[in-house]
Each structure stands twice: as structure tokens, then as C-alpha cells.
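Residue numbers begin at 1 in each chain, while the letters A, B, ... track the order of the sequences.
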Number of protein chains: 2
Amino acid sequence: MSEQMMTEAAVSLLVERGIAGTTLAGIGERSGYSRGLVTHRFGSKAGLLAHVHDSIAAEWLRRVQAVVGRATGVAALQRVTDALYKFIVDEPKGLRAMYLLRYASIDPSAEYRANVAKLNKAHVRALTRWVEEGQAHGEIAAEVDAGLAAELFASVVDGLLYRWLVNPDIPVKELHGLMRAHIARALRAAQA
Amino acid sequence: MSEQMMTEAAVSLLVERGIAGTTLAGIGERSGYSRGLVTHRFGSKAGLLAHVHDSIAAEWLRRVQAVVGRATGVAALQRVTDALYKFIVDEPKGLRAMYLLRYASIDPSAEYRANVAKLNKAHVRALTRWVEEGQAHGEIAAEVDAGLAAELFASVVDGLLYRWLVNPDIPVKELHGLMRAHIARALRAAQA
DNA sequence: CCTTACTTGCTGGCGACAAGCAAGTTATAA
DNA sequence: TTATAACTTGCTTGTCGCCAGCAAGTAAGG
């Protein structure tokens with residue numbers, strides 16, 4: 001179906017030329033259709049971008065769920081970082097497109113912004129729950145503020161991806177290892 | 001002078017309407033000039049945005065240097081976070097505009113991108129040096145990979161600011177405290 | 001003939017560029 | 001010293017090309 005084709009064309013164009021450099025006509029034509037079909041289907045450029053973002057985000061969610069499984073506490077957070085590392089290696093283009101869109105949504109003119117804010121909050125909720133479960137099992141120190149730790153964890157992930165987008169040569173693998181170590185140490189220890 | 005006026009108009013428009021929503025004509029007129037002056041002065045929209053970014057970045061650099069002074073090691077990194085927190089409180093508009101531009105520069109179509117990459121590398125170099133100095137003084141564990149720790153620190157800062165941009169209600173103050181604590185614990189301890 | 005899938009024609013807005021104008025400022029020469 | 005000519009600076013206006021968005025239209029299958 002044309003939606004799928006156009007979404008794929010959009011991803012490749014986004015990675016090649018960025019958001020501003022990606023035109024609706026370009027997407028239509030690269031996917032073998034006319035210049036007008038994208039608008040017709042997705043209503044607007046923002047609508048298309050939201051669709052692209054959400055479809056990759058769904059794939060990311062699937063991966064995280066598969067890797068984390070029923071784990072909780074430190075193991076759950078570590079596995080999230082594992083999934084992240086794997087995603088970087090397996091599908092750099094998709095991840096790049098998703099974060100390109102996600103960072104662009106900071107822009108107040110992006111209607112899409114509220115969606116991303118909601119998504120971020122959902123992520124933090126899930127992370128918070130894992131931390132709390134770790135505390136319930138006695139694995140994670142009780143003094144840890146679960147919500148705060150979750151927010152910081154999410155920040156590290158987002159920040160790392162931003163830096164990777166700007167400079168793909170950063171030592172992603174080593175940073176992944178360092179994160180894993182930090183998670184364990186920070187959560188098991190006491191906290192201010 | 002008109003440059004200063006237009007830069008200020010640009011910052012306020014960027015915060016209000018974002019990059020896409022900010023037009024050159026709008027900047028020119030808000031600053032009391034004609035629609036064409038911005039292009040005439042800065043060559044292009046990208047040129048203007050680079051100028052806006054760099055002038056705020058210079059202010060940020062001044063602040064960091066003032067706060068860090070001759071400190072090194074853990075104290076230096078903690079004071080960077082202090083400066084960051086203070087900047088968020090003192091000049092949220094400027095910081096917001098700068099990071100809006102910095103994140104937008106991920107976009108491959110932004111010529112500006114190489115500049116930001118260079119800037120990021122310079123930051124990491126400074127951070128690395130502070131960590132190494134801390135190691136020389138025996139304050140920071142020798143096993144710590146200074147460059148890696150610096151990259152992770154920079155990621156946390158960037159990630160936090162991203163999250164703050166999307167959702168200004170996150171507990172910035174508490175996160176600042178948590179970061180301070182993490183820095184001390186992570187660097188003084190051994191590391192994988 | 002009616003729906004579904006797609007195309008084509010058109011418009012307004014914006015960035016970019018080029019030409020131009022007005023108010024200085026410096027140079028020149030009687 | 002002053003008149004005027006040559007040039008600069010700071011800014012404006014006219015115009016072009018590109019793109020998103022819209023509306024009308026076409027083609028093909030049931």
C-alpha cells in the first residue's frame with residue numbers, strides 16, 4: 001500500500017536531507033506516486049511526520065517490551081539501555097529519523113509537541129514503576145526518589161541520542177557499558 | 001545598532017513561535033526595521049540563527065568560566081551544573097532559544113551543524129581536562145575513563161535541557177541536586 | 001455509477017536576491 | 001573656507017522560485 005511506501009521514502013529522505021530539506025513532492029515521487037498524494041493521505045506535512053514518528057516509536061516500544069520482559073528494578077533499566085544500543089546498531093536510520101522528529105517537536109510551531117510531551121511522560125511513568133518495583137524487592141535503596149531517578153535516566157538516554165545524532169562517532173558501545181554500571185551503582189547506593 | 005535589536009527580536013520570536021514560525025520579515029518589523037534588513041545583514045536565515053546561537057553560547061561560556069574559576073575535578077563539574085541551574089532560572093528565554101537552535105542543528109539541511117559538533121567537542125575537551133586534573137590530584141579514581149565520563153556528563157546536561165524544553169514543569173531544582181550527588185559518587189568510586 | 005486511489009492546477013507565503021535610495025563622509029580643487 | 005564631486009553606509013522595495021496546502025478532476029474496479 002502507498003502509505004507504507006511513502007513512510008519509507010519519508011524516512012530515507014529525512015535521514016538524507018533533514019526535515020526542512022524533505023519536501024512532500026519529493027516523498028511522493030521517490031515512493032513512485034505523484035507529488036500531491038502525501039498531502040492527500042496525511043492531510044499535512046505535520047500529519048505525515050507524526051505518522052512517521054509514531055510508527056518508529058511503536059517499533060521501539062515493541063523492542064523494549066521484548067527485551068525487558070518481566071524484569072524489574074536495575075535489570076529492567078539495564079535492559080532498556082541494551083535495547084537502545086541494539087536499536088542504534090540495527091536500525092540507525094529509523095532511530096535517527098525518530099529522534100530528528102522528536103527534537104524538532106520542541107519547536108512551539110510544531111503541533112506535534114504535545115504528543116511528544118505525553119510520550120515522554122509515559123516513558124517516565126514506566127521507568128518509575130520499574131524503580132519502585134526494585135525498591136519493593138529490596139534491591140533498590142528505599143531513599144531513592146523513583147520519579148526523579150526515572151527522569152534522570154530518560155534524560156541520559158535522550159542526551160546520548162542527541163549527541164550521537166550530531167556526531168555519530170561517539171563511542172556508543174562504551175557509553176552503553178558505562179550507563180549500565182552507573183545504573184547499578186546509583187540505585188543500589190543511598191542517595192541525597 | 002540594528003544587529004543587536006534584530007538579535008533580540010529574533011530571540012523573543014524564537015521563544016514565542018519557534019524556528020519555523022519565525023520569519024525574517026517578522027524579525028525585521030518587530031525590531032523596527034524593514035522586512036529585508038535581516039537578510040541583508042546576516043546573509044540568510046541560517047546566518048542569523050547562527051549569530052543568535054553563538055551570542056547566547058558566548059554568554060553561557062562567560063557564566064561557566066565565572067562560576068568554575070580555578071576549580072577542577074568534582075567541584076568543577078558540580079559548578080557547571082550550578083551554572084546551568086542558574087542560567088535556567090535567570091535567562092530561560094535565552095537558554096531556550098539557544099537549545100532550540102542547537103537541537104534544530106541536528107537536521108542535515110542545517111549548514112550550522114558542523115559548528116555545533118565542533119562546539120560539543122570543545123565542551124567535552126574542557127570537561128575531560130577537569131576530570132583528568134581531579135585524577136592527578138588523587139580525588140577522582142584512576143580507573144575512570146575521563147573522556148567517557150565527560151561525554152556522559154555532557155549527555156546528561158543536553159538531555160535534561162531537552163526535557164525541560166518539552167516540559168518546563170520537570171523538577172529542575174531536584175534534578176540539579178541529584179546530578180551533583182551522582183557526579184561525586186560516580187567519579188570517586190571505581191568504574192567498569 | 002459510485003467509491004476508492006491517485007493526479008493536476010493553482011494560490012499564498014516565505015527566503016533569497018538585486019536594484020535602488022537617502023544620508024552621511026571623505027576627497028578635491030578653486 | 002567652501003563648493004561639489006565621489007564614494008560609503010544603512011536600509012528599503014520589487015521580484016523570483018520553491019513549497020505546503022487546497023480543490024477540482026480523472027481513472028479504474030466492483
Side-chain angles (χ1 to χ4, degrees), chain A residues 1-55 97 100-101 104-113 115, chain B residues 1-55 97 100-101 103-115:
Chain A
M1 195 173 186
S2 60
E3 272 203 16
Q4 177 67 18
M5 302 292 288
M6 290 195 292
T7 303
E8 281 167 24
V11 170
S12 64
L13 277 169
L14 284 171
V15 171
E16 280 171 37
R17 307 189 195 168
I19 297 176
T22 297
T23 67
L24 298 182
I27 296 170
E29 278 150 21
R30 175 169 293 199
S31 56
Y33 297 94
S34 70
R35 62 184 175 75
L37 187 57
V38 181
T39 306
H40 188 77
R41 270 285 205 287
F42 296 100
S44 66
K45 187 171 186 177
L48 164 80
L49 296 180
H51 176 82
V52 170
H53 175 274
D54 291 349
S55 60
L100 209 57
L101 294 168
S105 79
I106 298 170
D107 203 295
S109 69
E111 325 138 28
Y112 193 48
R113 194 180 173 187
N115 286 31
Chain B
M1 196 173 184
S2 59
E3 271 203 17
Q4 178 67 18
M5 302 292 289
M6 290 195 291
T7 304
E8 282 167 24
V11 170
S12 65
L13 277 169
L14 283 171
V15 172
E16 280 171 37
R17 308 189 194 168
I19 297 176
T22 297
T23 67
L24 298 182
I27 296 169
E29 277 151 21
R30 174 170 294 199
S31 54
Y33 298 94
S34 69
R35 63 183 177 77
L37 186 57
V38 180
T39 306
H40 186 77
R41 270 286 205 289
F42 297 99
S44 66
K45 187 171 185 176
L48 164 79
L49 296 180
H51 176 82
V52 170
H53 174 274
D54 291 349
S55 60
L100 208 57
L101 294 168
Y103 287 130
S105 79
I106 299 170
D107 203 296
S109 69
E111 324 138 29
Y112 192 50
R113 194 181 171 186
N115 286 31

Salt bridge (Lys or Arg N to Asp or Glu O under 4.0 Å) partners of A:E16, counting only residues at least two apart: A:R30
[atom2] on [Y] to [atom1] on [X], rounded to 0.5 Å:
X      : Y     : atom1 : atom2 : result
B:K45  : B:T39 : NZ    : OG1   : 10.0 Å
A:L24  : A:L13 : CG    : CG    : 10.5 Å
A:H53  : A:L48 : NE2   : CG    : 13.0 Å
A:L101 : A:I19 : CG    : CD1   : 4.5 Å
B:N115 : B:D54 : CG    : CG    : 6.5 Å
A:T7   : A:L14 : OG1   : CG    : 10.5 Å

Contact residues, residues 13-26 of chain B to DNA chain C [heavy atom, < 4.0 Å]: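 Close to the strand are B:T22, B:T23, B:L24.
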Sorted by number, residues from residues 41-55 of chain A placing a heavy atom under 4.0 Å from DNA chain C are A:R41
How close or far is atom [atom2] of [N] from atom [atom1] of [X], stated in whole angstroms?
X     : N      : atom1 : atom2 : answer
B:E3  : D:dT9  : CD    : C1'   : 13 Å
B:I27 : C:dC14 : CD1   : C1'   : 12 Å
A:Q4  : C:dA5  : CD    : P     : 16 Å

Which angle, to the nearest 10 degrees, lies between the helix axes at the two ends of the helix from C:dC1-D:dG30 to C:dA30-D:dT1, each defined by five pairs?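 It works out to 20° between the end axes.
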Sequence neighbours left out, what passes side-chain contact (heavy atoms from CB on, under 4.5 Å) with B:R41? Give chain and number order.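 Once residues adjacent in sequence are excluded, the partners of B:R41 under the side-chain contact (heavy atoms from CB on, under 4.5 Å) criterion are B:M1, B:S2, B:E3, B:M6, B:L37.
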Interface residues of residues 29-39 of chain B with DNA chain D (non-hydrogen, below 4.0 angstrom): B:Y33, B:S34, B:R35, B:G36, B:L37
Mind listing the closest non-hydrogen atom pair of [X] and [Y] along with its distance?
X      : Y      : answer
A:G18  : B:P108 : CA-CD, 3.3 Å
A:S12  : A:A9   : OG-O, 3.0 Å
A:G28  : A:S31  : O-OG, 3.0 Å
B:D107 : B:R113 : O-CD, 4.2 Å

